[in-house]
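Report on one structure; see the data block that follows.
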Amino acid sequence: MPLSPAGASLRGMAGIGHNKGPSIEPGASWRRYAWGRARASLIGARLPIEILRLRVARAEALGLAYPTYARVLMGSGRDIVGFLFTCDALGLRLQRRLEIPEAVRDKLAGVVGADLLAFAPEGEDPGLFRQELTEVSGLAISASGPTPQAEAPPRRIGAAVRTVLAEAGLPGKGVVLIGARTAEEAWVTPGRLGSFLAARDYFSSSEPARS
């Protein structure tokens, strides 16, 4: 029996008891997990469900677990627009030809809506390093700059970070530093960056984003 216009409009509406959660699409199992974690981990704040769903999707696009994304968001006060990687964080093998681990390349290939930046190895020309890294990885590397020296004072570390950010035209507070050494977390303050994430945590969190 044909539905009336009113009845037809009800076909696309959620029924009683529907919580308007993630739909059953490819990747639905991850989204269900992220959805539950998102609702449970947002401490001290109550967001409209629509905004929460958008943030879960944004975390997935960045390749982050939602609790990590929410923590960065609340700490910096703005969305993530880029990731700045150290060479160690990328697991680069500096042989006659640069090599990047396949798992790292696959993870970064799925990042959506954020620039990829990288420090060049000490002593290497940042421009040539960026070009080679782009070629061997197939990734769009937005900018590169000299790696801050381990013993450098904060002002020089800040200058090194801002050199990379200026080339990419990105605000520091929207960029997350991905590093492999605990000492690199101290670069966040002089570099005026949004946050720091250990490489082991970033590359093991969530699933690669889907385009």
* Look up atom CZ in Arg71 and atom OG in Ser195, then write down how far apart they are to the nearest 0.5 Å. => 6.5 Å
* Same apolar cluster: Leu117 and Ile141, side chain cutoff 4.5 Å -> no
* For Phe83, enumerate each residue passing the ring pair (Phe, Tyr, Trp, His ring centres under 6.0 Å) test, keeping only those at least two apart in sequence or located in another chain. => Tyr202
* Do the side chains of Val188 and Val161 get nearer than 4.5 Å, heavy atoms only? -> no
* To do: For Thr147, check side chain to side chain donor-acceptor pair (under 3.5 Å) against everything at least two apart and list the hits.
  => none
* Can you tell me how far the CG atom of Asp106 sits from the OG atom of Ser137, to the nearest 0.5 Å? -> 11.0 Å
* Go through the structure and list residues passing side chain to side chain contact (heavy atoms under 4.5 Å, CB included) with Pro146, not counting sequence neighbours. => Pro126
* **Closest non-hydrogen atom pair between Ser144 and Ala120, with its separation** => OG-N, 3.6 Å
* May I have all residue pairs that pass ring pair (Phe, Tyr, Trp, His ring centres under 6.0 Å) and include part of residues 175-198, sequence neighbours excluded? => Phe119-Trp187
* Are Leu139 and Leu62 linked, directly or through other ILVMFWY residues, by side chains that come within less than 4.5 angstrom of each other? -> yes
* Sequence neighbours excluded, every pair satisfying side-chain hydrogen bond (donor to acceptor under 3.5 Å, both in side chains) that has a member inside residues 72-83 -> Arg58-Asp79, Tyr69-Asp79
* Structure fact -> Residue set satisfying side chain to side chain contact (heavy atoms under 4.5 Å, CB included) with Glu151, at least two apart, ordered chain then number -> none
* To do: Would you please name every residue forming a side chain to side chain contact (heavy atoms under 4.5 Å, CB included) with Ala152, sequence neighbours left out?
  => Gln149, Arg156, Ile157
* If you look only at pairs with a residue in residues 133-147, which of them pass as a salt bridge (Lys or Arg N to Asp or Glu O under 4.0 Å), with sequence neighbours excluded? -> none
* Who pairs with Val104 by side chain to side chain contact (heavy atoms under 4.5 Å, CB included), at least two apart in sequence or on another chain? -> Leu90, Ile100, Pro101, Leu108, Phe203
* Co-membership, hydrophobic cluster, residues Leu73 and Leu52, 4.5 Å side-chain -> yes
* Find out if a path of hydrophobic residues (ILVMFWY) with successive side-chain heavy-atom gaps under 4.5 Å connects Leu193 to Leu197. => no
* For the hydrophobic clusters of this structure (ILVMFWY residues joined by side-chain heavy atoms under 4.5 Å, transitively), does one cluster hold both Val136 and Phe129? -> yes
Output a table of donor-acceptor pairs, distance under 3.5 Å, between side-chain atoms of residues 162-185 and any protein atom two or more places apart or on a different chain; print 'none' if there are none.
from	atom 1	to	atom 2	distance (Å)
Arg162	NH1	Pro190	O	3.0
Thr163	OG1	Ala159	O	2.9
Glu167	OE2	Arg130	NH1	2.8
Arg181	NE	Asp88	OD2	3.0
Arg181	NH2	Asp88	OD2	2.9
Glu184	OE1	Ala180	N	3.0
Glu184	OE1	Arg181	N	3.2

